Novice: 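Attaching a single structure in structure tokens format; questions to follow.
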Amino acid sequence: MDIKLTSKMILEKEFKKNFKGYNVEEVDSFLDEIIQDYETFEKVVAQLREENRQLKEEIDNTPKRQPVASSAAGTTNFDILKRLSNLEKHVFGSKLYE
């Protein structure tokens with residue numbers, strides 16, 4: 001995305017004057033409005049670039065979330081089954097395993 005004009009370039013632009021040309025004051029007035037818009041656009045673009053830079057930096061500095069390891073879930077399930085087995089042995093005694 002190339003920007004061809006800057007507010008300074010618009011301000012310094014000289015037009016040839018012609019007997020049947022445009023009203024110089026109207027052209028100058030319109031160019032003044034364009035210059036103001038360009039200055040506003042330049043400020044907004046600078047602010048957005050800075051915000052974008054800050055957000056990218058924030059993303060880079062945010063620790064990545066690590067997925068829960070499936071082996072940890074398997075170990076937890078094994079532990080639960082072992083506890084359940086021990087509880088059954090305690091409640092029902094040896095009758096359960098006869």
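Side-chain atoms are counted along with the backbone in the values below, which use heavy atoms only and exclude waters and symmetry mates. One is the number of the first residue; the rest follow in order along the sequence. Just so you know, these numbers come straight off a predicted model, no measurement behind them.
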Novice: So, taking the atom named OG1 in T40 and the one named CD1 in I35, what distance separates them when rounded to the nearest 0.5 Å?
Specialist: 12.0 Å
Novice: Using a strict 4.0 Å threshold on nitrogen-to-oxygen distance, state whether K43 and E39 make a salt bridge.
Specialist: no
Novice: Decide whether V45 and I10 are clustered together by the hydrophobic rule: side chain heavy atoms of Ile, Leu, Val, Met, Phe, Trp, Tyr closer than 4.5 Å, transitively.
Specialist: no
Novice: I'd like to check K13 versus L5 (side-chain heavy atoms, cut-off strictly below 4.5 Å). Are they in contact?
Specialist: no
Novice: Test of understanding: clusters of I, L, V, M, F, W, Y form through side-chain heavy atoms closer than 4.5 Å, transitively. Do I34 and L11 belong to the same one?
Specialist: yes
Novice: Between NZ of K82 and CG of L84, what distance do you get to the nearest 0.5 Å?
Specialist: 13.5 Å
Novice: Of E50, E51, K56, which is the lone residue that meets side chain to side chain contact (heavy atoms under 4.5 Å, CB included) with R53?
Specialist: E50
Novice: Under the 3.5 angstrom rule, does the side chain of S29 hit a backbone N or O of E25 as a donor-acceptor pair?
Specialist: no
Novice: Is there a path from F30 to M9 through hydrophobic residues (I, L, V, M, F, W, Y) whose side chains come within less than 4.5 Å of each other?
Specialist: yes
Novice: Between the side chain of N61 and the main-chain N/O of E57, is any donor-acceptor distance below 3.5 Å?
Specialist: yes
